[in-house]
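As the structure is a computational prediction, the values presented were derived from the model and not from experiment. One is the number of the first residue; the rest follow in order along the sequence. Computed from heavy atoms alone, side chains included, the values below leave out hydrogens, waters and symmetry copies.
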Amino acid sequence: MGRFASLTKLDETAVKRLFWLAVAVTLAIFLLKFSLSGFGVFGDGLGYYTPLRSLLFDGNLRVDNEYSYYAQSASNFGGGLRVPGPIPEYSKYTLGLGLVLVPFFALGHLLALGLNLVGLGVEANGMTWPYELLYCLGSIALGISALVLSYRMARRYFSRGACVLAVAGIWFASPLTYYLCLEVSMSHAVSAFLIALFLYLTFSKPWREQWPWSISLGLILGFAAWVRPQDGLFLVVPLVVGALGFESNLTKNNTWKFSWKALRQPRYLTAIAWIMGITLLMQLPQGLIYIWQYGGITRIPYLEEGQARGYGGSFNWFRPALWQVLFSGHRGLFIWHPLIFLSIYGLIMRWRELPRLIGSLLLAFALQVYFIAAWWCWWQGASVGGRMFSNCTVLFTLGLAALWDARPGRQWQKIALGVTLAGLVWNALIVLQYQSAMIPPEDPVSLVQLYQNQFRVIPFFINHLLKRLT
């Protein structure tokens, strides 16, 4: 530990200043987008937002009236972008995200009431801009909290400079970036926070010995799985480290010693039962909602879309598109986000030093890759890269911190800083390609097309922006 401590000679004051600078940049990007468009909730985000509004204002979960309202509302970008497709009766998306963000929605209600009270004529109906603004700011706040937790977890093992560079890379050059700064009404920032909190507590609290912590982990993972069902796969982390033990820091004495006896320890089995039982129990309300709306779990759109679109089924467990998910030009994780490849390499490279920590996280990552690759829509729909991997924010941060902390010397520090900056620029150009429709939002994109566009995207984007503003 500390082999990379001299990087830019950062102290805590400097770290805090960099943090607030990153927060300011994030908010500036979002608020600029919000002011230009006049809204913050659109696309898939409406599917998460409208059930909450319907439940609180109408006392039901029908969303056709909300979608009709948004489709008719005027904006600089047009209703077609905001409501892409026919108006549904019910939302196929889970209610979990809305429940997590309900405090921020309530703040939006108070703001709307206050603006109405002073005569500004803002309707307090759950669909005007104050609700969307506070709802989206809540999503951003939780996404930033995920990065803070990632930093704190990385600092348990690696030096300050390496951790700062790692967080900077994940903040502005990872699957989370776009959904933290621009399309924030989707579930990814909140998912990243809940899993970051879950993993942080898993490795820092005595949940095997104290049942309140076991219950807390169950509640957190339950909400995470309610927001995004794939998040439930992170249960594998306490399953592994709960049996094998924990590493508190980087030492040379950490060894991977497995014993079947560890799996039969009463305290371990009780703690896992609490976590698993609560997580599963918390999925029951959403299951009942789906049964009520669609007549059965298997009839929800997520499980019928694959067959309806000619893919034979929604999941192909025996022929997952593993290579495509990671290396395809069509939203391949390592291609669209090269820093993530370095992150996974960093974890593998340091595995022998932290076998329990890194082994459990790599296993969780492998499960995410397999699950996404088995889905018929493995490219993750209209997406800026591998958006469904945003829940891996903590392990990506740890991987980069492990890599940047691997060697001493100023030359390595310069390389780490240069690679991080290159990753930030690469990601910014990808976002410009996507925002200017230089690449299609969902259709296949080849590696050649993606790479060639990177060298001509800036003038294309400027011309595209000028056309939209005039």
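Looking at T128, its side chain never comes within 3.5 Å of a backbone N or O of V122 through a donor-acceptor pair. Side-chain N or O atoms of S54 include none that pairs as donor or acceptor with a backbone N or O of T50 at under 3.5 Å. Proximity of a side-chain donor or acceptor of W379 to a complementary backbone N or O of G332 within less than 3.5 Å is not detected. The backbone N or O of G47 lies less than 3.5 Å from a partner atom in the side chain of S91, making a donor-acceptor pair. Side-chain atoms of Q283 come within 3.5 Å of backbone atoms of T279 as a donor-acceptor pair (strictly under, hydrogens ignored). Checked by atom type and distance alone, the side chain of S390 never pairs as donor or acceptor with a backbone atom of H188 at under 3.5 Å. Distance alone, capped at 3.5 Å, places no donor-acceptor pair between the Q368 side chain and the A366 backbone.
Between E183 and R387 no salt bridge is recorded (no basic side-chain N to carboxylate O distance below 4.0 Å).
Annotation: the span from Y131 atom OH to L133 atom CG amounts to 13.0 Å, rounded to 0.5 Å. With values rounded to the nearest 0.5 angstrom, Y200 atom OH is found 9.5 Å from M153 atom CE. We find the CD1-CG distance between I372 and L333 to be 8.0 Å, quoted to the nearest 0.5 Å. Within the model, atoms CG of N391 and CD1 of I195 stand 6.0 Å from one another, a figure rounded to the nearest 0.5 Å. Rounded to the nearest 0.5 angstrom, W226 CH2 and S187 OG are separated by 14.5 Å. Between the CE atom of M388 and the CG atom of D231 there is a distance of 9.5 Å, given to the nearest 0.5 Å.
Heavy-atom neighbours of W292 CH2 from other residues, nucleotides or ligands within 6.0 Å: above the threshold of 12. Other residues, nucleotides and ligands place more than 12 heavy atoms under 6.0 Å from the OH atom of Y294. The number of heavy-atom neighbours closer than 6.0 Å to CH2 of W317, taken from other residues, nucleotides and ligands shown, is above 12.
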(request) Starting from the C-alpha separation in whole Å, work towards a yes-or-no answer on side-chain hydrogen bond (donor to acceptor under 3.5 Å, both in side chains) for T26 and W171. (result) CA-CA 9 Å; T26 301; W171 197 321; 2.9 Å; yes
(request) Mind running ring-ring contact (aromatic ring centres under 6.0 Å, His included) on Y93 and Y48 for me, showing each step along the way? (result) CA-CA 6 Å; Y93 300 93; Y48 291 103; 4.8 Å; yes
(request) Applying ring-ring contact (aromatic ring centres under 6.0 Å, His included), run through F39 and F42 and close with a yes or a no. (result) CA-CA 8 Å; F39 57 79; F42 59 95; 5.7 Å; yes
(message) Show, in sequence, the C-alpha distance, side-chain angles and deciding distance for Y434 and Y178, and conclude whether the ring-ring contact (aromatic ring centres under 6.0 Å, His included) test is met.
(response) CA-CA 10 Å; Y434 187 85; Y178 183 81; 5.5 Å; yes
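Ring centers of H330 and W378: under 6.0 Å apart, within the cut-off. Ring centroid separation for the pair Y151 and F19 does not come in under the 6.0 Å cut-off. Ring centroid separation for the pair F105 and Y135 does not come in under the 6.0 Å cut-off.
Nearest heavy-atom pair across Y268 and L239 is OH-O, 2.7 Å.
Two residues are said to be in side-chain contact when any heavy atoms from C-beta on lie closer than 4.5 Å; L199 and L395 fail this criterion.
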